[in-house]
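Quick note on labels: first sequence line is chain A, next is B, and so on, each numbered from 1. Heavy atoms only: backbone and side chains are in, while hydrogens, waters and symmetry mates are out. Please read these numbers as outputs of a predicted model, since none were measured by experiment.
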Number of protein chains: 2
Amino acid sequence: MYEKIIKEKGLSLTKKRVDILRTLDINKKPLMIDDIKKKVKTKMDTSTIYRSLKVLVDSGLVYQTDFREGVSYFEFHGENGHHHHIICTTCKKRESIDICMDKAFPSLEKKTGYKITNHIFEIFGLCKTCLK
Amino acid sequence: MYEKIIKEKGLSLTKKRVDILRTLDINKKPLMIDDIKKKVKTKMDTSTIYRSLKVLVDSGLVYQTDFREGVSYFEFHGENGHHHHIICTTCKKRESIDICMDKAFPSLEKKTGYKITNHIFEIFGLCKTCLK
DNA sequence: TTCATTTTTGCAAAAATTTGCAAAAAAATA
DNA sequence: TATTTTTTTGCAAATTTTTGCAAAAATGAA
């Protein structure tokens with residue numbers, strides 16, 4: 001299954017990549033490098049995790065996000081699972097939101113000549129509690 | 001001028017913050033920490049630049065973005081200057097784009113109870129040249 | 001102003017992320 | 001399948017970013 005997904009993106013199929021993708025999919029929430037390193041089945045070097053994720057992110061399979069906590073987070077968004085977040089800059093709490101700009105992408109591709117593969121969209125602010 | 005902008009956001013007014021903000025404004029393009037360190041008038045420690053920028057970014061004065069080059073970039077968007085980018089994941093070339101989601105923010109604030117201060121929106125893909 | 005309180009800064013150290021290079025694994029070709 | 005070529009991985013080292021703590025600067029109240 002993950003094998004198929006990776007192949008379809010034209011990436012080389014490696015056990016580590018499958019392992020990482022499965023780990024992200026099973027956990028259903030943003031994981032940081034250290035989480036992934038602990039949860040993955042195969043023992044793998046940290047630099048391998050970084051490099052594998054870079055490939056998966058560039059291809060659009062994995063969503064990378066920066067919650068401004070000093071570490072990056074990664075998620076696998078399966079069918080219809082694509083979403084973004086709103087994050088409190090004070091308490092770091094975050095929630096999923098369901099607005100996105102996808103609809104504008106086809107015309108943007110036409111205008112720029114780019115083939116769009118991925119995007120980041122995150123909103124920062126103060127949550128109800130921290131506003132007080 | 002920069003003094004006023006900083007004060008209006010309710011931040012403490014320091015010479016370093018003014019210096020950083022002026023530097024970003026004058027240069028009119030995304031700068032990385034090292035650029036800022038070199039261009040700034042006052043000698044200041046790298047950690048001070050990081051920390052000052054964090055405050056400026058959280059307040060919404062400065063736009064922080066990750067072009068996936070291994071370093072962060074910072075921009076000051078003055079009046080009507082707010083914009084985002086489309087970035088080629090292969091050659092790292094980037095262009096400004098003029099689409100944004102701001103219009104959705106008021107209703108999102110109402111729905112979530114957050115006071116939105118800043119956001120990230122960046123699009124990645126393959127440029128015309130790298131597609132070949 | 002002056003003094004007390006809070007926030008910022010510099011420095012050194014820690015943590016996160018990237019990179020070069022040789023060995024291992026995967027893909028392409030025969 | 002065997003062989004060659006290309007890509008990925010592990011390891012060590014480099015670079016970028018974050019953090020704790022004491023001193024310096026900014027803020028707020030007399």
Whole angstrom is fine here: how far is it from CZ in A:Phe67 over to C1' in D:dT18?
-> 19 Å
Between A:Thr48 and D:dT8, is there a side-chain N or O to OP1/OP2 distance below 4.0 Å?
-> no
Does the pair A:Glu8 and A:Lys4 meet the rule for a salt bridge (charged side-chain N to carboxylate O under 4.0 Å, His left out), with working shown?
-> CA-CA 6 Å; A:Glu8 278 173 355; A:Lys4 183 155 168 277; 3.4 Å; yes
Interatomic distance where CG belongs to B:Asp58 and P belongs to C:dT8 [whole Å] | 12 Å
When you check the gap from the basic side-chain N to the acidic O, do B:Lys15 and B:Asp19 get nearer than 4.0 Å?
-> no
Test applied, side-chain contact (heavy atoms from CB on, under 4.5 Å); reference residue, A:Val62; option that passes from A:Ile20, A:Leu21, A:Asp25 = A:Leu21
Ranking A:Ile33 and B:Thr42 by the position along DNA chain C of their nearest nucleotide, the one closer to 5' is B:Thr42
Quickly work out the B:Ile6 CD1 to D:dA26 P distance and round it to whole Å.
-> 12 Å
What's the CD1-P distance between B:Ile36 and D:dT16, to the nearest Å?
-> 13 Å
Atom-to-atom span, CG of B:Asp19 to P of D:dA25 - whole angstrom | 16 Å
Can you find a pair of side-chain heavy atoms, one from A:Thr90 and one from A:Leu131, that are under 4.5 Å apart?
-> no
Would you kindly give the CD-to-P distance between B:Glu3 and D:dA26, to the nearest whole Å?
-> 12 Å
To the nearest angstrom, the CG-C1' distance between B:Leu53 and D:dT16 comes to 14 Å
Rounded to whole angstroms, how far apart are OH on B:Tyr73 and C1' on D:dT16?
-> 13 Å
Determine, for nucleotides 19-30 of chain C in 5'-to-3' order, which nucleotides have protein heavy atoms under 4.0 Å from the base (write B), from only the sugar-phosphate (write S), or from neither (write -).
-> BBB----SS---
Please confirm whether the backbone N or O of B:Val55 pairs with a side-chain atom of B:Asp58, one donor and one acceptor, at under 3.5 Å?
-> no
Just say parallel, tilted or perpendicular for the rings of A:His85 and A:Phe67, cut-offs at 30° and 60°.
-> perpendicular
Answer yes if B:Leu126 and B:Ile97 sit in the same cluster of Ile, Leu, Val, Met, Phe, Trp and Tyr residues linked by side chain heavy atoms under 4.5 Å apart, and no otherwise.
-> no
What nucleic acid atoms does B:Thr46 come within less than 4.0 Å of, heavy atoms only: base, sugar-phosphate, or nothing?
-> nothing
